[in-house]
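Notes for the one structure printed next.
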Amino acid sequence: MIFVKSMKSQFTRTILQWNRTQNNREMPWKGEKNPYHIWLSEIILQQTRVEQGRAYYNRFIKKYPTVFKLAAAPEQEVFKLWEGLGYYNRCRNLLYTAREIVQRYNGIFPDQYEEIIQLKGVGPYTAAAIASFAYNLPYAVVDGNVFRVLSRFHGVDTAIDSTAGKQLFTALAAKMLDKKFPGEYNQAIMDFGATVCKPMVPSCSHCPLQNNCAAYQTGMVNRLPVKEKILTRKTRHFTYFIFEYEGKTFTRQRTGKDIWQGLFEFYLAETEKSQKWTVTSVTAWLEEQLGPQSLKILAISSPESQQLTHQQINGCFIRVSLKKMPALLSSGNWVTPKGLSALAFPKLITKYLSEKYKP
DNA sequence: AACTCGGGGTT
DNA sequence: AACCCAGAGTT
């Protein structure tokens, strides 16, 4: 009778060894066992660099130390804390799930993968992260780091954004996972990808996997991983009218299925083409929209722009002082300057407000 | 399976 | 300018 202990691959052993001897990456949530904190950190970190998410995580933990605190918070307040981080559906789902955990699970975070992955905003990556970090369950994370490390080490050129690629790398990640230390291993491979096997300039010269790395041995490091989808970007033209009436400003919340859902903005006119507004053209346009008005154009901003992943937004801000309340705007959300500062806006607007808007 | 959801750092 | 980032939801 021969006892075969579960054979750890050289890859897995090296990753763990590297983690224990050379990994000096520090993050506030590292080693965290509180599933609420882990979940929060993972939602924040989806498609977000660690350095960008760090301050948000600290602010959320400070303001909402427990899931009960978060669940009880008003949506606007949570959005304000999320402001500037992007992908705002994450924020909406965050609050939804916090409330579900309180109501359905009595505030106790589920501890089974199948339950965790059913939470809104939690997909395969996040479920594996929570399951392994909080409960040491043997689920392998597959994030951008893991795609990169595995595709290079194994020399796999299947596109990571294809269905076949996702399946292949998920299976490969599960195979490489250290079943005894899944949490530590998951953390280690991501840290390794972020600090050694980096996207553009990987540190192959002092990589502990160099000798067995297929990509390094064949000179394919800078060609892996493979992506097949091509990014297209469309240009949109936004004109924001900042209507001011008796010390208050018109705002509205974006609700449509579009960018910045849940955030606030001013009165928006989107046009097919770029507009070069003048006092005359603005006045004419406003009369057409609102009817004859007694108003004053206070300022027309120079062109502003913001680059999103799939869109280029060109914007112009026009401040308008109103003497009377037009019917079209009467049902709007008119806020004081203080109220304005409590609302979450897209970056295009916060940038304008901080730099150009001095009432 | 394709599309869409931000904002910012690195090269 | 292109690529990437501790991905997920919708159609």
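First the proteins, then the strands, lettered A, B, ... as listed; each starts at 1.
When rounded to the nearest whole Å, the span between CZ of A:Arg236 and P of B:dT4 equals 11 Å. For the pair A:Arg54 CZ and B:dG8 P, the interatomic distance rounds to 18 Å; values are reported in whole Å. Computed from coordinates, the A:Gln311 CD to B:dG8 C1' distance equals 17 Å when rounded to whole Å. The distance from atom CD of A:Gln306 to atom P of B:dG7 is 4 Å, rounded to the nearest whole Å.
Within residues 150-166 of chain A, no residue is approached by DNA chain C to less than 4.0 Å at the level of any non-hydrogen atom. Within residues 89-100 of chain A, the residues having any heavy atom closer than 4.0 Å to DNA chain C are, in order of number, A:Asn93. Contacts with DNA chain C (heavy atom under 4.0 Å) in residues 40-53 of chain A: A:Glu42, A:Leu45, A:Gln46, A:Gln47, A:Thr48, A:Arg49, A:Val50, listed by number. Using a 4.0 Å cut-off on heavy atoms, the residues of residues 218-234 of chain A that approach DNA chain C are A:Lys227, listed by number. DNA chain B lies under 4.0 Å from at least one heavy atom of each of the following residues of residues 339-351 of chain A: A:Pro346, A:Lys347. In the region residues 194-202 of chain A, proximity to DNA chain C at under 4.0 angstrom, judged on heavy atoms, holds for A:Pro199, A:Met200. A heavy-atom distance below 4.0 Å to DNA chain B is reached by these residues of residues 255-275 of chain A, ordered by number: A:Asp258, A:Ile259, A:Trp260.
Aromatic rings from A:Phe241 and A:Trp285 are positioned such that their centres are separated by under 6.0 Å. Taking the ring centroids of A:Trp29 and A:Tyr57, they lie under the 6.0 Å cut-off. Between A:Trp18 and A:Phe192, the gap from one ring centroid to the other is short of 6.0 Å.
A distance-only check finds no donor-acceptor pair linking the side chain of A:Lys273 to the backbone of A:His237 [under 3.5 Å].
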Go through the steps to decide whether A:Tyr135 and A:Gln112 satisfy the test side-chain hydrogen bond (donor to acceptor under 3.5 Å, both in side chains), and finish with yes or no. CA-CA 9 Å; A:Tyr135 309 113; A:Gln112 299 300 313; over 6 Å; no

Step by step, would you call A:Asn333 with A:Thr251 a side-chain hydrogen bond (donor to acceptor under 3.5 Å, both in side chains)? CA-CA 5 Å; A:Asn333 181 30; A:Thr251 65; 3.1 Å; yes

Quick one: do A:Glu228 and A:Ser162 satisfy side-chain hydrogen bond (donor to acceptor under 3.5 Å, both in side chains)? Show the steps, please. CA-CA 7 Å; A:Glu228 65 184 9; A:Ser162 66; 4.7 Å; no

Stepwise, does the side-chain hydrogen bond (donor to acceptor under 3.5 Å, both in side chains) test hold for A:Asn145 with A:Arg148? CA-CA 5 Å; A:Asn145 293 301; A:Arg148 187 170 56 253; 2.8 Å; yes

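B:dG6 and C:dC3: their C1' atoms are spaced 15 Å apart (whole Å). The same atom, P, is picked in B:dT11 and in C:dA6; the two are 14 Å apart, to the nearest Å. Nucleotides C:dC5 and B:dC5 have their C1' atoms positioned 15 Å apart, rounded to a whole Å.
The phosphate of B:dG7 has OP1 or OP2 within less than 4.0 Å of a side-chain N or O from A:Tyr88.
Between the side chains of A:Asn314 and A:Ser305, not a single donor N or O lies within less than 3.5 Å of an accepting N or O.
Nucleotides of DNA chain C nearest to A:Leu119 and A:Thr309 differ in position, and the one nearer the 5' end is that of A:Thr309.
Atom CD of A:Glu272 has 12 or fewer neighbouring heavy atoms from other residues, nucleotides or ligands inside a 6.0 Å radius. With a 6.0 Å radius and a threshold of 12 heavy atoms from other residues, nucleotides or ligands, A:Lys30 has its NZ atom above the threshold. Within 6.0 Å of atom NZ in A:Lys229, more than 12 heavy atoms from other residues, nucleotides or ligands are found, so the atom counts as buried in its surroundings.
Considering only residues two or more places apart in sequence or on other chains, A:Asp258 meets the side chain to side chain donor-acceptor pair (under 3.5 Å) condition with A:Arg236, A:Arg254. Under the rule for a ring-ring contact (aromatic ring centres under 6.0 Å, His included), A:Phe133 has no partner lying at least two apart in sequence or in another chain. A:Phe147 is linked by a ring-ring contact (aromatic ring centres under 6.0 Å, His included) to A:Phe169, counting only residues two or more places apart in sequence or in another chain.
A:Phe250 pairs with exactly one of A:Trp334, A:Phe266, A:Tyr245 by the ring pair (Phe, Tyr, Trp, His ring centres under 6.0 Å) rule, that one being A:Trp334. For the pairing with A:Tyr240, the ring pair (Phe, Tyr, Trp, His ring centres under 6.0 Å) check across A:Trp277, A:Phe317, A:Tyr267 returns one residue only, A:Phe317.
Bracketed by its first and final contacts, the part of DNA chain C lying under 4.0 Å from non-hydrogen atoms of chain A reaches from C:dC3 to C:dT11 in 5' to 3' order.
Using a 4.0 Å cut-off between charged nitrogen and carboxylate oxygen, A:Arg25 and A:Asp191 count as a salt-bridge pair.
Nearest heavy-atom pair across A:Ala73 and A:Val78 is CB-CG2, 3.7 Å. When all heavy atoms of A:Cys316 and A:Ile300 are compared, the closest pair comes out as SG-CG2, 3.9 Å. Smallest separation of non-hydrogen atoms from A:Val146 and A:Val141: CG2-O, 3.4 Å. Nearest heavy-atom pair across A:Val102 and A:Val67 is CG2-O, 3.9 Å.
Using a 4.0 Å heavy-atom cutoff across all strands shown, A:Trp82 reaches no nucleic acid atom at all.
Identified under the salt bridge (Lys or Arg N to Asp or Glu O under 4.0 Å) test for residues 109-120 of chain A, with sequence neighbours left out: none.
A cation-pi contact, defined as under 6.0 Å to the ring centre and within 45° of the axis, links A:Arg59 to A:Tyr56.
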